[in-house]
Amino acid sequence: MGSLLLLGVSALLALAGCTLLALNQKQHVATVLGRGAQPPLGKATPATGWLLLALALIPSMLGDRPGFAVLYWLLAIFGSALTVVMLIAFKPGWLKNAVVPLVSKPEMKSRSVE
Amino acid sequence: MSESKPGFRPAMTWLHSWAGLVLGLLLMTIWWTGTLSVFDKEIDRWMQPETRIAAPEQRISADAIVERVLTERPDGTLSSLLIYLPEERVPFYEVHAEFENAESYRGRLHPGTGEELGDEVSLAASGFLYPMHYRLHSGAVGYIAVALATFMMMVLLVTGVVIHRKIFTDFFTFRANRKSRRSTLDLHNVTGTIFLPFHFLICLSGFAIFAGWYASIPLSFVQLADPENRAVELFYAADNDAYYSREAAGEPAEMLAMAPMVAQAETIWRDRYGVEAKADRIDVTHYGDANAVVEVRRHFPSNRTEAHRDSINFDGATGAVLTNFEASPLRKTRTWLEGFHQVRFDHWPIRWLYLVAGLSGCVLIGTGFLFWAASRRRKEAAQPFKVRLVDTIAVGSITGLVLATGAFLVVNRVLPLDAAALGIERAGLEVRCFFYVWLLTFVHAAIRKQRAWMEQCRAIAVLAVSAVALNWLTTGDHLLAAIGKDLWPIVGVDLSLLSTALIAALAAGRLRSKMRQVEEAAVATHRRDMGSPSGAAGTVANRAE
């Protein structure tokens, strides 16, 4: 078994990635951030989400043997996706608190990108 | 992809719902027991308190263990021997010995002192839940039934993807507060799509494990027709390529110590794979004969995902290496699948994620069942028998199965060590308790109809809490004591039981409030309709969805 800390970092990255991917969808943005809200990182949301999922492989690779690292990475992504589903359904406030720091300012940023 | 052929999607829907219904009970049984088997060794130690020993600082060798077994049976001459070496999750020696006088010995011995841990009075997870997962305790019929169910599960996964129109849009969607039919379907879709690769690979790897056994069925017919058939011979030779045997010489010879052979084998493997390698079992044939063979094996490495077939045969009298088996690339693919499926490696984060994935499979099957029953109830309100049958099977295979497992654990802690009744030993009584309780849940479901869900959830909560309390009373290992003794397997099982109790209690509460709403609505309708009880009953059935 590898380093728990690195595996934890990997799980957090996967969770963040799944959150962004979910918040790229209209109905979930509405549930979590309110009606009419935009995805937290604007147009960059899905790409950042996918990027975070890919990045999650790095700490798990650093923290474990390759065979375990890949298996752990995939399972951590599945687990994160399920966690995000349950958070949206039962505790959308928690997700909101997690992404609000991203939303308030970067909203302008994303506009400037446009 | 499906729109090109008219009727393809409806056909898949038909296949998906009927195959799911027919196999629901079987799939649920396989999936639930398989999920529990992820933690089989931990459940074993919970159910067999005599194995809750701490790993000793100094482990005695396999040779000392054999000596110990021989002093127990001074009159016997050993003929063959099988020793499972201690590992992290199973911290003791397990010995199976056959003697010349056809007697046999089976024991679990302390790795530090060599003392016997006491009789095995429970089949626990490794002896009951795990075999239930792959052969349903029904011999060849069980193996075949599991194989067919696994195949159909793969069909269900594929057809499920075909009929699920909005697979990406609905990927994260679970509308928990909508009507229960909607939220059931959401949960079915979510658990099905998120874990789709895992579920598919688990089915496929399950097949890989028994590939040789499946192939032996048609081959046995070939053999019947032509006993000398060369192809059959070649097949078995290839399938048993790691296997080595030779005839006894008939002359006694001094046996060499096994510990150096184990060390030599571990060095060979370490050089081959570049990582630490531990042997997990020793097989000795023709013990004490000039042709004695000592096979040192490594089947489940703790530090690799894949299983192995590493096996080195030593001459028991001279210590010479007879064979040093290394799997072919094709065999390695198969053993990777085997290792992936059986999770015998030591990796706690992955093991817990397997539990989550396994439980999501149970939710997938369970919600599929519920959705089918709910849809049928709408369509076939005129055929109450059919609806009731499906409901009964759904209750029995979802809450009933969990309830039976709870009863299995509770009865394990209640029965005295020497319990026996009607000629059945203690371990058998536990198993019968499981099956009788399970059967009763079906009867209960048939009698209590929609109320059965809530009542069985309550029973699960009570049983789970009782199991934890009884574990404390009978072994003294309550949560804090277990943590103090580093008995993490016991802590894990206890905490899982408490979480199960909490979830079951919450579910029961929610079901109760829903039923109350339905009842109130029914009373209101009844008052309005004045004297038309059948109309009111119909409303109850519809609303109960």
Side-chain angles (χ1 to χ4, degrees), chain A residues 1-12 14-15 17-32 39 45-46 49-50 53 56 59-60 63-92 95, chain B residues 38 88 166 168-178 182-183 186-187 189-202 205 273-276 301-307 332 336 339-341 343 345-361 363-364 506:
Chain A
M1 198 171 77
S3 150
L4 277 179
L5 183 71
L6 285 167
L7 294 182
V9 172
S10 171
L12 282 177
L15 192 62
C18 286
T19 308
L20 287 181
L21 287 179
L23 291 186
N24 188 46
Q25 296 182 328
K26 261 188 206 160
Q27 72 264 38
H28 303 313
V29 178
T31 314
V32 175
T45 309
W50 287 112
L53 291 190
S60 83
D64 220 326
R65 299 180 42 76
F68 286 142
V70 172
L71 185 56
Y72 174 81
W73 175 63
L74 290 173
L75 286 168
I77 291 176
F78 301 158
S80 302
L82 188 65
T83 311
V84 169
V85 167
M86 292 303 157
L87 285 174
I88 293 175
F90 297 106
K91 295 280 171 200
L95 272 188
Chain B
V38 169
E88 192 195 329
K166 295 187 282 182
F168 293 106
T169 338
D170 278 353
F171 194 82
F172 292 104
T173 304
F174 172 35
R175 284 155 285 195
N177 296 321
R178 292 282 190 85
R182 179 72 253 172
S183 51
D186 275 349
L187 204 51
N189 291 341
V190 158
T191 47
T193 43
I194 289 179
F195 289 94
L196 182 68
F198 178 84
H199 292 151
F200 200 84
L201 201 51
I202 275 292
S205 53
Y273 297 104
V275 278
E276 200 56 38
S302 62
N303 53 1
R304 311 273 293 198
T305 331
E306 65 267 43
K332 276 181 180 156
W336 187 88
F340 165 80
H341 193 103
V343 262
F345 42 81
D346 288 334
H347 200 299
W348 295 107
I350 291 183
R351 190 170 295 283
W352 281 101
L353 285 168
Y354 263 69
L355 184 79
V356 173
L359 288 175
S360 86
V363 172
L364 173 69
L506 287 174

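Every chain is numbered from 1 and lettered A, B, ... according to where its sequence line falls, protein lines coming before strand lines. What you are looking at is a predicted structure, and each value in this text was computed from that prediction instead of being measured.
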Output the distance between atom [atom1] ([X]) and atom [atom2] ([Y]), rounded to the nearest 0.5 Å.
X	Y	atom1	atom2	result
B:Thr191	A:Phe78	OG1	CZ	13.5 Å
A:Gln27	B:Arg175	CD	CZ	7.5 Å
A:Leu71	B:Phe198	CG	CZ	8.0 Å
A:Asp64	B:Ile350	CG	CD1	6.5 Å
A:Leu75	B:Leu355	CG	CG	11.5 Å
A:Ile88	B:Phe174	CD1	CZ	12.0 Å

Proximity breakdown for B:Phe171 and chain A, heavy-atom pairs closer than 4.5 Å |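 Both parts, backbone and side chain.
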Taking every heavy-atom pair that is under 4.5 Å apart, which of B:Pro197, B:Gly339, B:Ser360, B:Ser183 has the most such pairs with chain A?
->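 Between B:Pro197, B:Gly339, B:Ser360, B:Ser183, the count favours B:Pro197.
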Could you have a look at B:Leu196, B:Val190, B:Val356, B:Asn303 and say which one has the most heavy-atom pairs with chain A under 4.5 angstrom?
-> B:Asn303
Answer yes or no: is there a side-chain heavy-atom contact under 4.5 Å between B:Pro349 and A:Phe68?
->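 Side chain of B:Pro349 against side chain of A:Phe68, heavy atoms only: no contact under 4.5 Å found.
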Toward chain B: residues of residues 17-24 of chain A with heavy atoms under 4.5 Å =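 Residues of residues 17-24 of chain A touching chain B at under 4.5 Å: A:Cys18, A:Leu21, A:Ala22.
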Sequence neighbours left out, what passes salt bridge (charged side-chain N to carboxylate O under 4.0 Å, His left out) with A:Lys26? Give chain and number order.
-> none
